[in-house]
Amino acid sequence: MKRGTDIAAAADVLRAGGLVAFPTETVYGLGADASRDDAAAKIFAVKGRPRAHPLIVHIAGEIGDWAREVPDAARRLVAAAWPGPLTVILKRGPQVALATTGGADTVGLRMPAHPMALALLRAFGGGVAAPSANRFGHVSPTTADHVVADLGDDVDYVLDGGKCDVGVESTIVDLSRGQPVLLRPGGMPREAIEAIVGPLAAADAAAPAAPGTLASHYAPRAEVIAVEPDEVPAAVRAASGKIAVLAPRSAFGPWGELAVLAYPLPDDLAGMARELYAALRDLDTAGVDVVIAALPPAVGLGEAVGDRLRRAAGPRKP
Ligand code: TXA
Ligand code: MG
């Protein structure tokens with residue numbers, strides 16, 4: 001594994017069919033050539049991810065090169081949102097390898113806003129298939145150190161672009177079936193998307209499966225209990241072991257009597273999203289058994305933060 005900021009070297013690794021971890025404005029991605037089955041297959045092997053779970057294809061060029069049909073709503077949405085934390089699901093174009101989409105006839109496309117990601121995509125010249133650069137089910141990485149801690153020598157090159165700005169994954173909108181459907185809340189708030197394409201439907205049984213929407217995902221080792229802020233004291237009293245409370249800084253005032261580890265997050269939703277995954281990793285490092293997390297209001301980025309806390313708290317497979 002090499003680590004650095006050499007875009008040309010990283011693009012060469014992609015051309016050779018290898019794996020490059022790279023920063024985006026949301027989280028770090030584990031990238032490979034999206035047009036090659038053998039390259040995409042390496043991602044599934046390294047992540048321990050089921051092969052039927054499709055990867056997002058990151059692009060810096062024309063969306064029409066990667067999808068068979070680009071409906072008007074998709075054009076308007078990406079014109080407003082890209083580069084940025086939005087993934088659109090469209091009908092798969094022939095350049096996208098079937099392994100990349102897990103055999104699906106749709107493809108998730110996104111143009112990331114991080115300058116290093118854009119530089120890599122331009123130097124490479126193709127699409128880069130990339131899930132978050134963590135082991136399957138674990139917390140997504142928001143620094144190069146997180147990537148190295150999770151994947152180490154299984155990656156050929158780690159591009160170090162510092163800390164991710166947004167901190168939660170992209171919002172995923174399915175535009176392949178007519179009415180826009182919200183598959184995963186994320187870094188682009190629902191309100192901003194609805195202002196462009198109208199109301200987003202909730203995912204139903206016919207929606208394409210997204211593993212980021214499994215009940216347990218984005219999970220640290222510690223048990224996570226996600227509750228409304230006014231339920232935090234009772235949740236602390238009911239828990240046992242080494243307990244931490246994860247909540248906005250201003251919430252801790254009245255909780256002075258709770259003799260537990262306090263992990264304050266910024267009070268604004270953007271700050272909360274940016275710090276969330278690093279906080280969950282820190283709490284694991286501190287040997288915490290139970291994290292009591294206060295849910296934010298479900299507006300703006302609060303919808304994504306609440307979604308990730310609930311999934312971190314979801315039932316674990318033994
Ligand atoms: O912000 C992000 O989206 C980050 C960065 C690296 O871009 N990527 C990310 O990838 O979160 P990943 O693989 O951890 O999550 C991608 C989600 C999965 O839940 C996957 O199922 C869904 O996108 N997805 C991708 N292509 C899809 C498709 N064709 N149909 C339905 N869901 C799709
Ligand atoms: Mg992921």
Side-chain angles (χ1 to χ4, degrees), residues 26-27 132 134 137-140 142 146 166-169 171-172 182-192 194 200 202-203 210-318:
T26 59
V27 301
S132 50
N134 52 278
H138 194 217
V139 177
S140 297
T142 53
H146 294 164
V166 175
V168 293
E169 299 82 353
T171 306
I172 305 181
L182 180 66
L183 294 185
R184 177 178 75 181
M188 182 172 183
R190 165 202 292 276
E191 296 87 336
E194 292 187 330
L200 292 170
T213 60
L214 291 177
S216 173
H217 212 76
Y218 312 106
R221 185 194 44 75
E223 180 188 0
V224 177
I225 299 174
V227 296
E228 296 300 327
D230 61 349
E231 294 165 351
V232 165
V236 168
R237 281 192 292 275
S240 53
K242 184 167 180 184
I243 302 167
V245 172
L246 184 65
R249 186 174 302 279
S250 63
F252 281 95
W255 298 338
E257 82 282 5
L258 300 178
V260 294
L261 178 65
Y263 198 109
L265 290 172
D267 282 315
D268 64 299
L269 292 170
M272 226 176 271
R274 187 165 53 242
E275 304 300 331
L276 177 67
Y277 289 147
L280 292 174
R281 284 175 183 260
D282 285 349
L283 290 167
D284 270 353
T285 304
V288 164
D289 301 304
V290 184
V291 179
I292 313 285
L295 289 164
V299 294
L301 284 172
E303 190 176 359
V305 172
D307 172 80
R308 301 308 187 271
L309 284 174
R310 286 197 183 83
R311 292 187 199 291
R316 308 283 172 90
K317 295 216 182 87

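When all heavy atoms are compared, the tightest approach of Ala304 to Val168 is CB-CG2, 4.1 Å. For the residue pair Leu309 and Val224, the shortest heavy atom distance occurs at O-CG1, 4.2 Å. Scanning both residues, Ala222 and Val291, for their nearest heavy atoms gives CB-CG2, 4.0 Å. Between Ala262 and Phe252, the shortest heavy-atom distance links the atoms CB-CE2, 3.5 Å. Closest of all the heavy-atom pairs between Val27 and Gly167 is CG1-O, 3.9 Å. Considering all non-hydrogen atoms of both residues, Asp284 and Arg221 come closest at OD2-N, 2.7 Å.
Rounded to the nearest 0.5 Å, atoms CG (Asp307) and CG (Leu295) are 10.5 Å apart. Between the CZ atom of Arg281 and the OG1 atom of Thr142 there is a distance of 7.0 Å, given to the nearest 0.5 Å. Tyr263 OH to Leu283 CG: the interatomic distance, rounded to the nearest 0.5 Å, is 6.5 Å. From Leu276, atom CG reaches atom OH of Tyr218 across 11.5 Å, with rounding to the nearest 0.5 Å. The line from CZ of Arg308 to CE of Met272 is 15.0 Å long, rounded to the nearest 0.5 Å. Put simply, CD1 on Ile292 and CG on Leu261 are 12.0 Å apart, with the number rounded to the nearest 0.5 Å.
Listed by first and then second residue, the side-chain hydrogen bond (donor to acceptor under 3.5 Å, both in side chains) pairs involving residues 264-274 are Ser250-Asp267 (not counting sequence neighbours).
In this structure, Thr171 contributes its side chain and Met188 its backbone to a donor-acceptor pair below 3.5 Å. Using modelled atom types, one side-chain atom of Lys242 and one backbone atom of Ala286 make a donor-acceptor pair closer than 3.5 Å.
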**OP:** Could you please spell out the steps behind the side-chain contact (heavy atoms from CB on, under 4.5 Å) verdict for Leu246 and Leu265?
**Re:** CA-CA 7 Å; Leu246 184 65; Leu265 290 172; 3.7 Å; yes
**OP:** Tell me, with the steps shown, if Glu191 and Val299 meet side-chain contact (heavy atoms from CB on, under 4.5 Å).
**Re:** CA-CA 8 Å; Glu191 296 87 336; Val299 294; 4.0 Å; yes
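When the salt bridge (charged side-chain N to carboxylate O under 4.0 Å, His left out) test is applied to Asp289, no partner is found at least two apart in sequence or on another chain. Glu231 meets the side chain to side chain donor-acceptor pair (under 3.5 Å) test with no other residue; sequence neighbours excluded.
Inspection of the Ser132 and Glu169 side chains reveals no N or O donor paired with an N or O acceptor under 3.5 Å.
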